[in-house]
Every structure is written in C-alpha cells, then in structure tokens.
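Note that the coordinates shown come from a computational prediction; the quantities given were computed from them, not determined experimentally. Heavy-atom basis, side chains included; hydrogens, waters and symmetry copies ignored.
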Amino acid sequence: MLDIKCAVFGSLENNCYLITDTATNKSALVDCTDDSDKMRNFINGADLEYILLTHGHFDHIGGVKGIQELTGAKVVISKEDEPMLSSSKMSLAAFCGGLHNDADADILVADGDIIMLGESAIHVISAPGHTKGGVCYICDGNIFSGDTLFFCSCGRTDFPGGSSTEMLSSLKKIADLEGNLNVYAGHDRPSTLDFERANNPYMNRK
C-alpha cells in the first residue's frame, strides 16, 4: 500500500510526489523540479530509494543531481529521454531560462518494466507524445501520468520529440487500463481515470 504526498514546485507549478510503501517505509520521488529548501523539507528524511522521472524536460529534472547526491536515490528514466539529463537544449532549459544540472541515470526503463519499492510493485508504461520517452508509473490503484494526461487535457506535443499522433495513442492506452485509477499528473489537479474517460476531450478522440 502506498502513502502519497504532493507538493507544487517552480514557476510552472509542477506537482512532485513522495510515495512511500507503508509496509517497509521505502520511498520514491516522482519527478524532481528543483533542489530547494522546500524540496528537501518535502523529502524530510525519507528513505528515498528512487527518483522516478516521467520524462526529461527541465521542470521535471532540475533538482535531480542535488537530490541524488543528498539521498543516494537511484534515478529512473526511459532510454529515449535519458540524453535530456545531460543536455540543457534537449531538456529545453536553454530556451526557457530553466534550471538544468547534468545528472546521470541509474536505471533505464521501458514499457512493461516493474520497479519494486519495498513490497509495492510500480509498473511502467510507455507514453510518448509529449516527449519520445515519456512514461507513466502505476501502483496500488494510482497512475502518475507526468505530462501525458492532465485533468480534462493532455500535454503539449509541439516541443521537439512531441507527436500528437503518439499522444492520442498513449491516451487511448491509458483509457484502456483496467479500473478507476487515481490520476496524479505533472501539473494541475488530481483526477480519476473514470472521470477522464468520460470528460477528457483528448482521451475520447478517435
């Protein structure tokens, strides 16, 4: 079972999630906008095993290097988005005035992989569209959807590596998942998968 905490970071109001396996008290951070006092207070001594990155844009990875060095957590990202960790151009930081600190990945994930956080199995599904290597993480009836699925919306597809065709395919893939998952997105408010299936105009496009 997971305990989930959320806090909002940065000028783009990114949601970062501290998820903890309640049986073992092992934790993971889903996305890491910055290495600020607020972020360190948010983590607050958690036994952080992983930094799970949904994709490689600067507003999701800006604090990875510092938090990795602080905690020893393993950095998890897809193979396709891994180069964004060491390129301010690929992460878009160079064009947006965003924070970029070169970081290294420890684990490269692909569709169908499972990350064990204590006794909790975190399932990885590929979700390209916003970036080539976007992924979502599913665990204990929750989906951490990054910048793929938002409340009644979806991520932009006009950045390098984006594709509206791939985005719609990823949203269909998410819509076809079993159950009414709790949706925790990279920005904006939480939702549920049933609500998005019924109300999200992008998820309902053919």
Side-chain angles (χ1 to χ4, degrees), residues 4-19 27-43 46 48-111 113 115 117 122 124-137 143-150 154-162 167 170 184-188:
I4 302 170
K5 296 179 181 177
C6 176
V8 180
F9 297 87
S11 61
L12 299 182
E13 297 187 336
N14 288 70
N15 295 325
C16 295
Y17 301 96
L18 183 67
I19 62 176
S27 297
L29 183 66
V30 181
D31 290 331
C32 187
T33 300
D34 56 40
D35 177 16
S36 59
D37 287 342
K38 180 178 179 180
M39 180 66 76
R40 293 183 177 224
N41 289 334
F42 180 55
I43 296 169
L48 198 69
E49 288 215 325
Y50 303 107
I51 301 172
L52 304 174
L53 301 175
T54 59
H55 64 289
H57 283 154
F58 72 91
D59 54 321
H60 294 257
I61 69 168
V64 167
K65 181 178 177 63
I67 298 303
Q68 181 185 35
E69 291 175 348
L70 174 71
T71 64
K74 294 179 179 179
V75 176
V76 181
I77 195 170
S78 70
K79 179 180 179 180
E80 293 85 356
D81 277 14
E82 179 194 16
M84 301 168 83
L85 290 174
S86 56
S87 170
S88 63
K89 291 184 178 179
M90 295 184 71
S91 76
L92 304 183
F95 308 105
C96 302
L99 177 67
H100 183 98
N101 292 306
D102 286 1
D104 296 316
D106 297 293
I107 300 173
L108 300 181
V109 289
D111 190 62
D113 285 350
I115 302 285
L117 179 67
I122 302 174
V124 180
I125 64 168
S126 63
H130 185 61
T131 65
K132 281 295 182 187
V135 299
C136 301
Y137 299 99
I143 180 168
F144 300 90
S145 60
D147 284 7
T148 300
L149 174 61
F150 296 141
C154 67
R156 292 175 59 167
T157 60
D158 57 339
F159 294 130
M167 176 62 78
S170 293
Y184 294 101
H187 303 269
D188 205 358

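Take Phe9 and apply the ring pair (Phe, Tyr, Trp, His ring centres under 6.0 Å) test, not counting sequence neighbours, and it matches Phe42.
Side-chain contact between Ile107 and Tyr50 is present, with at least one heavy-atom pair separated by less than 4.5 Å. The shortest distance between side-chain heavy atoms of Leu52 and Phe144 does not fall below 4.5 Å. Using a 4.5 Å heavy-atom cutoff, the side chains of Val135 and Asp113 are not in contact. Thr131 is not listed as a side-chain neighbour of Glu80, based on a closest heavy-atom distance of 4.5 Å or more.
Considering Asn14, Thr54, Asn15 as possible partners of Asp31, the one that fulfils the side chain to side chain donor-acceptor pair (under 3.5 Å) test is Thr54. Among the candidates Ile51, Ile115, Asp106, the single residue satisfying the side chain to side chain contact (heavy atoms under 4.5 Å, CB included) test with Lys74 is Asp106. Just one residue in the list Ser88, Ser91, Ser87 forms a side chain to side chain donor-acceptor pair (under 3.5 Å) with His100, and that residue is Ser91.
Counting only distance, with no hydrogens or angles, the side chain of Ser78 and the backbone of Asp81 share a donor-acceptor pair below 3.5 Å. Listed for the Lys38 side chain is a donor-acceptor partner under 3.5 Å among the backbone atoms of Val8. Put simply, the side chain of Tyr17 gets close to the backbone of Ala185: a donor and an acceptor are under 3.5 Å apart. For the pair His130 (side chain) and Thr157 (backbone), a donor-acceptor distance under 3.5 Å is absent.
Here SG of Cys96 is found 8.5 Å from CG of Asp59. Values are rounded to the nearest 0.5 Å. Taking CG from Leu149 and CE from Met167, the interatomic distance works out to 9.0 Å, rounded to the nearest 0.5 Å. Between Leu108 atom CG and Glu82 atom CD the span is 4.5 Å, to the nearest 0.5 Å. Summarising the geometry, atom NE2 belonging to His57 is positioned 4.0 Å from atom CE belonging to Met84; distances are rounded to the nearest 0.5 Å. Rounding to the nearest 0.5 Å gives a distance of 8.5 Å between CG of Leu53 and CG of Leu29. Between Ile125 atom CD1 and Tyr137 atom OH the span is 11.0 Å, to the nearest 0.5 Å.
Note on Arg40 versus Asp35: salt bridge recorded, some NZ/NE/NH1/NH2 to OD/OE distance being below 4.0 Å.
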